[in-house]
Amino acid sequence: MTANIDGESLTDQELGSFFILLVVAGNETTRNTIAHALDLFTRHPEQRALLLEDFEGRIAGAVEEIVRYASPVIWMRRTATRDTTLNDHDIKAGDKLVLYYWSANRDETVFTDPARFDILRSPNPHVGFGGPGPHFCLGAHLARREVSVMLRELFTRLPGIRAAAAPDRLESNFINGIKRLPYAY
Ligand code: HEM
């Protein structure tokens, strides 16, 4: 809040906007990811068994695969800063472009058998946290930690925990959210 770089600080308006961004980006995403994880491990018991066989060795890869598969943020938009060509499409400076992470995370030219949930997938160059560059998710490390800790605690304390019904999904084309997920243990 007090950062000052060469005499320039954030205005109250900018701080307010950043606070709202952090609250939403840091909460909506991770809780949806954790709900997707419970749903995925319920529907793929063999993947759950693989994870529990070596939790500490496999959780990092599992989190990446959950984020790839669930793609909790479906897209973001950019404005082109200069003319360019992408896959034979001409893009002009000022054009507004939508980046579909969901689609990129199922790109069959990048991922073998992309529709398969596979916690041992390696490499796993997904873009669930955004593409490389200055806007890559600021909270990716925190998110990975949160999801790992939550799954470790859930599966250790309640080994039988499972989703008890299909998720009640958020109606949104932007956030792949789960509003409610009944569970049992
Ligand atoms: C699994 C959880 C999460 C997912 C899937 C996720 C996904 C994303 C995606 C796709 C972007 C856009 C990147 C881009 O525009 O290229 C983004 C940006 C961002 N995320 Fe996350 N995020 C997660 C968790 C978090 C957490 C926990 C925080 C903070 C506590 C956070 C803070 C942010 C912020 C501040 C940005 C904007 C970065 C910028 O534009 O410079 N995210 N995230």
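Given the structure is predicted, the values throughout are model-derived calculations rather than measurements. Just so you know, ligand 1 is whichever comes first in the structure, and atom 1 is the first atom listed for that ligand. What you see below is based on every heavy atom in this structure, not just the backbone, and it leaves out hydrogens, waters and symmetry mates.
Close contacts between ligand 1 and Leu142 involve ligand atoms 30 (C) [criterion: under 4.0 Å to a heavy atom]. Taking a cut-off of under 4.0 Å to the non-hydrogen atoms of Ala143, the atoms of ligand 1 that pass are 1 (C), 2 (C), 24 (C). Each of the atoms 7 (C), 10 (C) of ligand 1 lies under 4.0 Å from some heavy atom of Val73. Within ligand 1, counting atoms from 1 as listed, the ones closer than 4.0 Å to a heavy atom of Met76 are 12 (C), 15 (O).
Taking NZ of Lys179 as the reference point, atom CG of Asn32 lies at 10.0 Å (rounded to 0.5 Å). One finds the CZ atom of Arg180 at 11.5 Å from the CD1 atom of Ile178 (value rounded to the nearest 0.5 Å).
Considering only non-hydrogen protein atoms, atom 19 (C) of ligand 1 sits nearest to Cys137 CA, 3.7 Å. Nearest non-hydrogen protein atom to atom 27 (C) of ligand 1 is Gly26 CA, 3.6 Å. Scanning the protein heavy atoms around atom 37 (C) of ligand 1, the nearest turns out to be Leu21 CD2, 4.2 Å. Regarding atom 7 (C) of ligand 1, its nearest protein heavy-atom neighbour is Gly128 O, 3.4 Å. With respect to atom 36 (C) of ligand 1, the closest heavy atom belonging to the protein is Leu138 N, 4.0 Å. From the protein, the heavy atom lying nearest to atom 39 (C) of ligand 1 is His135 ND1, 3.3 Å. With respect to atom 24 (C) of ligand 1, the closest heavy atom belonging to the protein is Thr29 OG1, 3.2 Å. The closest protein non-hydrogen atom to atom 32 (C) of ligand 1 is Ala25 CB, 3.5 Å.
Side chains of Arg77 and Thr79: a donor-acceptor N/O pair is present below 3.5 angstrom, by distance only.
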Exercise. When you look at Ser71 and Asn105, which way does the side-chain hydrogen bond (donor to acceptor under 3.5 Å, both in side chains) test go after all the steps?
Worked result: CA-CA 7 Å; Ser71 295; Asn105 282 342; 2.9 Å; yes
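Of the candidates Ile74, Val147, Thr33, Asn176, Thr33 brings a heavy atom nearest to atom 1 (C) of ligand 1.
Between Arg78 and ligand 1, a contact under 3.5 Å exists for at least one N or O pair. Checked against a 3.5 angstrom limit, the closest N/O atoms of Tyr101 and ligand 1 fall inside it.
In this structure, Ser148 and Ile59 have side chains that are in contact, with non-hydrogen atoms separated by less than 4.5 Å.
Heavy atoms from other residues, nucleotides or ligands lying under 6.0 Å from CG of Asp12 number 12 at most. The neighbour count for Phe117 CZ, taken as heavy atoms of other residues, nucleotides or ligands under 6.0 Å away, is above 12. More than 12 non-hydrogen atoms from other residues, nucleotides or ligands lie less than 6.0 angstrom from CZ of Arg152.
One finds no salt bridge joining Glu64 and Arg121 here, because no Lys/Arg side-chain nitrogen approaches an Asp/Glu carboxylate oxygen to under 4.0 Å.
Contact annotation: for Pro134 versus ligand 1, heavy atoms closer than 4.0 Å belong to the backbone alone.
Phe55 and Val149 are not part of a single hydrophobic cluster, where members link through side-chain heavy atoms under 4.5 Å apart.
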